[in-house]
J.: 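Here it is, the structure, as structure tokens.
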Amino acid sequence: MTTHIVRVITHDMTGNSDTGVPPEAWNKLAVALGRRFGGELTIREHSDTNPSALTPQYTVDMALPGDARHKVVDVMQIADPLIDEVVSTYLHADKTLAR
């Protein structure tokens, strides 16, 4: 069994669909997940020629081995600031809106 924790960053949150996030921008999060929890990170970039406010721009999927529901709070305490850093740096969005 694998436990998935998913964060969705929508076009409405970023306000700027033209700016991309380089893959290496997610490295801190990937390393932290791997070292602390044995987890893996998958980033899915969604492109839509006519995005609505609810259209995902990025899906951040954090996969933890086994039944890791009891670790969700610990994972998010580490992941949230790292995701916010990427969103505010590369998507020019207020990090509080990215949650």
Side-chain angles (χ1 to χ4, degrees):
M1 176 181 182
T2 302
T3 302
H4 291 268
I5 304 167
V6 177
R7 283 266 312 265
V8 175
I9 301 167
T10 66
H11 285 278
D12 184 47
M13 290 176 180
T14 65
N16 184 355
S17 60
D18 296 332
T19 305
V21 176
E24 61 273 7
W26 302 104
N27 286 351
K28 284 184 189 177
L29 179 56
V31 168
L33 281 173
R35 286 187 180 160
R36 293 283 305 269
F37 305 101
E40 294 182 4
L41 178 67
T42 302
I43 304 296
R44 291 179 189 83
E45 183 175 0
H46 305 274
S47 59
D48 190 339
T49 56
N50 190 17
S52 72
L54 299 177
T55 303
Q57 185 170 2
Y58 292 92
T59 303
V60 180
D61 183 356
M62 297 164 275
L64 306 176
D67 183 359
R69 291 176 286 182
H70 62 284
K71 296 179 183 177
V72 170
V73 171
D74 294 333
V75 170
M76 294 316 295
Q77 285 178 334
I78 292 170
D80 276 340
L82 295 173
I83 293 169
D84 290 345
E85 180 183 324
V86 169
V87 169
S88 64
T89 301
Y90 294 96
L91 300 177
H92 311 292
D94 185 341
K95 62 185 177 184
T96 59
L97 294 176
R99 291 211 176 162

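Heavy-atom basis, side chains included; hydrogens, waters and symmetry copies ignored. Not measured: the values here are computed from a predicted model.
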J.: Rounded at 0.5 Å granularity, tell me how far OG1 in Thr2 sits from CG in Asp61.
T.: 10.0 Å
J.: Say you draw a straight line from NZ of Lys71 to CD of Gln77; how long is it, rounded to the nearest 0.5 Å?
T.: 14.5 Å
J.: Donor-acceptor pair, Ser88 side chain versus Glu85 backbone, under 3.5 Å?
T.: yes
J.: Compare every heavy atom of Pro81 with every heavy atom of Met76, then report the nearest pair and how far apart it is.
T.: O-CD, 4.0 Å
J.: Measure the shortest side-chain to side-chain distance between Ile78 and Phe37 over non-hydrogen atoms and say whether it is less than 4.5 angstrom.
T.: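 Side-chain contact under 4.5 Å: yes.
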J.: Taking the side chain as every heavy atom from C-beta outward, state whether Trp26 and Val60 have any pair of such atoms under 4.5 Å apart.
T.: yes
J.: Answer whether the closest heavy-atom distance between the side chains of Leu33 and Leu64 falls below 4.5 Å.
T.: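 When only atoms from C-beta onward are counted, Leu64 and Leu33 do touch, with a gap below 4.5 Å.
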J.: For the residue pair Ala32 and Leu82, what are the closest heavy atoms and their distance?
T.: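 Heavy atoms only, the tightest pair is CB-CD1, 4.2 Å.
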J.: Evaluate the side-chain proximity of Arg7 to Asp80: yes if any heavy-atom separation is below 4.5 Å, no if none is.
T.: yes
J.: Hydrophobic clusters here meaning ILVMFWY residues chained together by side-chain heavy-atom distances under 4.5 Å, can you tell me if Val72 and Met62 are in one?
T.: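 Shared cluster, yes.
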J.: Could you give the distance from CD1 (Ile43) to OG1 (Thr59), rounded to the nearest 0.5 Å?
T.: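 If we round to the nearest 0.5 Å, Ile43:CD1 and Thr59:OG1 are 8.5 Å apart.
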J.: In Å, rounded to the nearest 0.5 Å, how long is the span from CD1 of Ile9 to CG of Asp84?
T.: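 If I round to the nearest 0.5 Å, the distance is 8.5 Å.
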J.: To check you understand the geometry: which heavy-atom pair defines the closest contact between Asp67 and His70, and what is its length?
T.: O-CE1, 3.4 Å
J.: Any idea which heavy atoms bring Ala68 and Thr3 closest together, and the distance?
T.: N-OG1, 2.8 Å
J.: Search all heavy atoms of Gly38 against all heavy atoms of Pro65 and return the closest pair with its distance.
T.: O-CD, 3.3 Å
